[in-house]
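Since the structure comes first, as structure tokens, the remarks are kept for the end.
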Amino acid sequence: MKISDKILAFFDGHKRDLPWRNNPTPYKTLVSEIMLQQTRVDTVIPYFNRFMKELPTISSLAKADDELLYKLWQGLGYYNRAKNLKKAAIIIMEKHGGIIPNTISELESLPGIGPYTAGAIGAIAFQINTVAIDGNVLRVFSRYFGITDDIRLESTKNVIKSRLEGIYPANRLNDFTEALMEIGAIVCLPNGKPLCDTCPLSNACFAYSNKMIDVIPLKSKLVHRRKELKTVLFIKKEDRVLILKRPRTGILSNLWELPNIEGHLSKEEVLLWLSQNGLPASRVLSGINFVHIFTHIEWNMKSYVVQIDQIPFHMENDFIEITEIEKKYSVPTAFLPFFNQFK
DNA sequence: AATACGGGGCA
DNA sequence: TGCCCAGTATT
């Protein structure tokens, strides 16, 4: 039995029931693949279902209100994906007549779509004979071929790509592409924990036969995570809280945040900051402290709850009812504990 | 070639 | 704690 047949047979017998696999369309493939970038399937599922309900077509996505778009993405992370997805939808409407393009080069020219996603959409939605190399595929085939180089290196990905091209079947490119990733996701697990007993590749797997599953793949360490101190202010007047829109670029771009200041401030320093910013406070109380960890930054946040007597007239539109914030404003996870402390 | 970019789940 | 995740854009 050819290796590709074994892989396809495994997929037929073990594939998970995922929402984007029900009555698949290129649009479902596009949205799911963007959401799945660096994000687990289980995390994506509820986001995908909500997204498809609110924005069921390319055209609705292209016209979507930005606040709705970011709200649908709240908590999913890598928020530029949402921005780029809408940009891509607009380009598809304007330059491709509303039809998702069916060539790798056209797909890859869209914002937010790189080599992996173009390959995945090309193969899954359009049966293009192309390789889609994600983290799963790198792990499965570095083990299978016995490739001991650092899988973060572009050169290693190219080696795996060319080796992989040699085992592609003539048809069912869509199922085969998903099958490779499915094996990585449910059998060939990371951290030396693969379930080789149930793996369709084990009898020809280099790492398995050489007892090297715990050393392959080799992956270099990430750079050090820097620490930042912040003081977060929960400034409220009855049911309304002051929130600010973050810049269009950088971390958590376009999302809404609580006012925050670099460093850990004392109550007196907070009072000074408030008066300098035209916010005379009636009371400043210590709030909760919280640590939020990003991939490359750690925010150590100290908070204060500030009650003010009167909202300055020029800030009238910046104080939003909490229930309204929950419904319509996209607030990054890092700030949610400060809202939840009152529940 | 290296870094910025989220958040959660699991040893 | 550290690793990993259906990666891409920017520098």
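This structure is a prediction, so every number in the text was calculated from the model and none was measured. So that the names make sense, note that chain A is the first sequence line, chain B the second, and so on, each numbered from 1. Every heavy atom of this structure was used, including side-chain atoms; hydrogens, water molecules and symmetry mates were not.
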Please list, for nucleotides 9-11 of chain C, all pairs of protein and nucleotide N/O atoms separated by less than 3.5 Å.
{"from": "C:dA9", "atom 1": "OP1", "to": "A:G112", "atom 2": "N", "distance (Å)": "2.5"}

Would you give me the side-chain donor-acceptor pairs under 3.5 Å for residues 11-21 of chain A, sequence neighbours excluded?
{"from": "A:D12", "atom 1": "OD1", "to": "A:R172", "atom 2": "NH2", "distance (Å)": "2.7"}
{"from": "A:D12", "atom 1": "OD2", "to": "A:R172", "atom 2": "NH1", "distance (Å)": "3.2"}
{"from": "A:H14", "atom 1": "ND1", "to": "A:F10", "atom 2": "O", "distance (Å)": "3.1"}
{"from": "A:R16", "atom 1": "NE", "to": "A:E182", "atom 2": "OE2", "distance (Å)": "3.0"}
{"from": "A:R16", "atom 1": "NH2", "to": "A:E182", "atom 2": "OE1", "distance (Å)": "3.1"}
{"from": "A:R21", "atom 1": "NE", "to": "A:E178", "atom 2": "OE1", "distance (Å)": "2.7"}
{"from": "A:R21", "atom 1": "NH1", "to": "A:R16", "atom 2": "O", "distance (Å)": "2.9"}
{"from": "A:R21", "atom 1": "NH1", "to": "A:E182", "atom 2": "OE2", "distance (Å)": "3.3"}
{"from": "A:R21", "atom 1": "NH2", "to": "A:E178", "atom 2": "OE1", "distance (Å)": "3.1"}
{"from": "A:R21", "atom 1": "NH2", "to": "A:E182", "atom 2": "OE1", "distance (Å)": "2.9"}

Both A:A334 and A:R226 contact DNA chain B. Which one's nearest nucleotide lies toward the 5' end?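 Its nearest nucleotide lies further toward 5', so the answer is A:R226.
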Is there any salt bridge (charged side-chain N to carboxylate O under 4.0 Å, His left out) pair reaching into residues 84-97 of chain A, and which pairs are they, with sequence neighbours excluded?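 Only A:D66-A:K86 qualify under salt bridge (charged side-chain N to carboxylate O under 4.0 Å, His left out).
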Would you be so kind as to tabulate the donor-acceptor pairs closer than 3.5 Å made by side chains of residues 318-326 of chain A, with sequence neighbours excluded?
{"from": "A:E326", "atom 1": "OE2", "to": "A:K343", "atom 2": "NZ", "distance (Å)": "2.8"}

To the nearest angstrom, how far is [X] atom [atom1] from [N] atom [atom2]?
X	N	atom1	atom2	result
A:L85	C:dT8	CG	P	13 Å
A:I133	C:dG7	CD1	C1'	13 Å
A:H292	C:dT1	NE2	C1'	16 Å

Under the ring pair (Phe, Tyr, Trp, His ring centres under 6.0 Å) test, residues paired with A:Y329 that sit two or more places apart: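 Partners of A:Y329 under the ring pair (Phe, Tyr, Trp, His ring centres under 6.0 Å) test: A:W256.
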Residues forming a side chain to side chain donor-acceptor pair (under 3.5 Å) with [X], sequence neighbours excluded:
X	answer
A:T177	none
A:K245	A:E67
A:R248	none

Aromatic ring proximity A:F51/A:Y47, centre distance under 6.0 Å: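 So the answer is no for these two rings.
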Outermost nucleotides of DNA chain B that come under 4.0 Å of a non-hydrogen atom of chain A: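 It runs B:dT3 to B:dG9.
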Listing, residues 208-215 of chain A side-chain donor-acceptor contacts under 3.5 Å, not counting sequence neighbours, or none:
{"from": "A:S209", "atom 1": "OG", "to": "A:C205", "atom 2": "O", "distance (Å)": "2.8"}
{"from": "A:S209", "atom 1": "OG", "to": "A:F206", "atom 2": "O", "distance (Å)": "3.3"}
{"from": "A:N210", "atom 1": "ND2", "to": "A:F206", "atom 2": "O", "distance (Å)": "2.8"}

Output, in order, the C-alpha distance, side-chain angles, deciding distance and verdict of salt bridge (Lys or Arg N to Asp or Glu O under 4.0 Å) for A:E316 and A:K237. CA-CA 11 Å; A:E316 185 61 35; A:K237 162 72 173 163; over 6 Å; no
If we take the [atom1] atom in both [N] and [M], what is their distance in whole Å?
N	M	atom1	value
C:dA6	B:dA11	P	15 Å
C:dC3	B:dG6	C1'	15 Å
B:dC5	C:dC4	C1'	16 Å

Check: protein-nucleotides 3-6 of chain C nitrogen or oxygen pairs below 3.5 Å:
{"from": "C:dC3", "atom 1": "OP1", "to": "A:K221", "atom 2": "NZ", "distance (Å)": "3.1"}
{"from": "C:dC3", "atom 1": "O3'", "to": "A:N191", "atom 2": "OD1", "distance (Å)": "3.3"}
{"from": "C:dC4", "atom 1": "O2", "to": "A:R40", "atom 2": "NH2", "distance (Å)": "2.5"}
{"from": "C:dC5", "atom 1": "OP1", "to": "A:R139", "atom 2": "NH1", "distance (Å)": "2.4"}
{"from": "C:dC5", "atom 1": "OP2", "to": "A:K219", "atom 2": "NZ", "distance (Å)": "3.1"}
{"from": "C:dA6", "atom 1": "OP2", "to": "A:N136", "atom 2": "OD1", "distance (Å)": "3.0"}
{"from": "C:dA6", "atom 1": "OP2", "to": "A:N136", "atom 2": "ND2", "distance (Å)": "3.4"}
{"from": "C:dA6", "atom 1": "O5'", "to": "A:N136", "atom 2": "ND2", "distance (Å)": "2.8"}
{"from": "C:dA6", "atom 1": "O4'", "to": "A:D134", "atom 2": "OD2", "distance (Å)": "2.6"}
{"from": "C:dA6", "atom 1": "N9", "to": "A:Y116", "atom 2": "OH", "distance (Å)": "3.4"}
{"from": "C:dA6", "atom 1": "N7", "to": "A:E33", "atom 2": "OE2", "distance (Å)": "3.0"}
{"from": "C:dA6", "atom 1": "N6", "to": "A:R21", "atom 2": "NH2", "distance (Å)": "3.2"}
{"from": "C:dA6", "atom 1": "N1", "to": "A:R16", "atom 2": "NH2", "distance (Å)": "3.4"}

Which is true for A:L252 with a 4.0 Å heavy-atom rule: it touches a base, it touches only sugar-phosphate, or it touches nothing?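 Sugar-phosphate: the residue A:L252, judged by heavy atoms under 4.0 Å, touches backbone atoms but no base.
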Could you work out, with salt bridge (charged side-chain N to carboxylate O under 4.0 Å, His left out) as the rule, every residue matching A:K6, not counting sequence neighbours?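 A:K6: no salt bridge (charged side-chain N to carboxylate O under 4.0 Å, His left out) contacts found.
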